[in-house]
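Encoded as structure tokens, the structure appears first; notes follow it.
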Amino acid sequence: MDEITAFYIEGEKTLIFRKEGKFFISFDPIDLEFVKINMIGSEMLYLISQKYKFDKIINHFTNKYNIPEKSIYNDLINFLKSYRCLNIIYDILINLSFPTEVIPNDVKI
């Protein structure tokens, strides 16, 4: 992620991410607040912006960081569940074969 300075995700609304030091900053267009995202979370969101399917994202992190697949799986799911702009990118996650456990119960798939 060193070479990436900005990227965006086209979801229900466009999310723009800009690198600020060791974090990425994005604007939450629903709550009208800036969101600070660490590099690992930003890397996952970048891969989503590049249309990587969930299994390819798991492989990317497993190979790059030499971490067991189950650990990466749980970390990615937990990150997404806590990501405040998740509702903006639901459709993308479904199209990229993300597990349905990421999607809250009140969202129709």
Side-chain angles (χ1 to χ4, degrees):
M1 288 293 292
D2 290 337
E3 65 283 351
I4 307 296
T5 59
F7 64 94
Y8 68 93
I9 298 176
E10 280 287 339
E12 183 181 306
K13 297 180 182 276
T14 301
L15 298 173
I16 301 169
F17 302 85
R18 186 182 74 231
K19 191 173 191 177
E20 294 285 333
K22 295 185 180 203
F23 295 91
F24 275 78
I25 302 292
S26 181
F27 186 72
D28 178 343
I30 294 172
D31 289 337
L32 303 177
E33 296 178 343
F34 285 96
V35 180
K36 184 169 137 178
I37 306 160
N38 68 27
M39 287 304 227
I40 298 295
S42 298
E43 188 169 358
M44 183 175 67
L45 292 168
Y46 175 75
L47 295 174
I48 290 169
S49 79
Q50 299 300 300
K51 307 293 187 224
Y52 277 47
K53 295 217 178 255
F54 186 74
D55 61 336
K56 298 289 183 192
I57 293 174
I58 294 288
N59 289 337
H60 168 83
F61 281 104
T62 301
N63 294 332
K64 183 173 182 179
Y65 298 107
N66 197 26
I67 298 173
E69 188 173 309
K70 184 171 179 63
S71 178
I72 290 293
Y73 179 94
N74 291 331
D75 290 346
L76 294 179
I77 295 298
N78 288 333
F79 170 78
L80 283 171
K81 283 182 172 181
S82 69
Y83 180 53
R84 67 187 323 164
C85 295
L86 181 63
N87 58 329
I88 296 173
I89 61 172
Y90 284 144
D91 292 343
I92 294 169
L93 299 181
I94 292 167
N95 289 332
L96 296 177
S97 303
F98 274 68
T100 55
E101 66 199 77
V102 173
I103 311 300
N105 294 335
D106 60 341
V107 174
K108 303 268 189 273
I109 301 176

Worksheet item: With side chains defined as the heavy atoms from C-beta onward, is the minimum distance between Ile37 and Phe17 less than 4.5 Å?
Response: yes

Discussion item. Looking at Ile67, is its backbone amide N or carbonyl O close enough to the side chain of Ser71 to form a donor-acceptor pair, meaning the two atoms are under 3.5 Å apart?
Written reply: no

Worksheet entry | side-chain contact (heavy atoms from CB on, under 4.5 Å) involving Glu33 - partner list, sequence neighbours excluded | Asp31, Arg84

Worksheet item: How about Pro29 and Ile88: do any of their side-chain heavy atoms sit closer than 4.5 Å?
Response: yes

Worksheet entry | side-chain hydrogen bond (donor to acceptor under 3.5 Å, both in side chains) contacts in which one or both residues fall within residues 49-61, not counting sequence neighbours | Glu43-His60

Discussion item. Is any side-chain heavy atom of Phe98 closer than 4.5 Å to one of Ile48?
Written reply: yes

Discussion item. Just to verify, what does Glu69 make a side-chain hydrogen bond (donor to acceptor under 3.5 Å, both in side chains) with, not counting sequence neighbours?
Written reply: none

Practice prompt. Kindly write out the residues that satisfy ring-ring contact (aromatic ring centres under 6.0 Å, His included) with Tyr65, not counting sequence neighbours, or none if the list is empty.
Written response: Phe61

Discussion item. If you define the side chain from C-beta out and look only at heavy atoms, does anything of Ile89 sit under 4.5 Å from Ile92?
Written reply: yes

Worksheet item: Got Ile4 and Tyr46 here, is their nearest side-chain heavy-atom distance under 4.5 Å?
Response: yes

Discussion item. Could you tell me if the side chain of Leu86 sits less than 4.5 Å from the side chain of Lys81, heavy atoms only?
Written reply: no

Can you list, pair by pair, the side-chain donor-acceptor contacts under 3.5 Å of residues 72-80, counting residues two or more places apart and other chains?
from: Tyr73; atom 1: OH; to: Glu101; atom 2: OE1; distance (Å): 2.8
from: Asn74; atom 1: ND2; to: Lys70; atom 2: O; distance (Å): 3.3
from: Asn78; atom 1: ND2; to: Asn74; atom 2: O; distance (Å): 3.2

Solution key, residues 5-12 side-chain donor-acceptor pairs under 3.5 Å, sequence neighbours excluded:
from: Glu10; atom 1: OE1; to: Thr14; atom 2: OG1; distance (Å): 3.0
from: Glu10; atom 1: OE2; to: Thr14; atom 2: OG1; distance (Å): 2.9

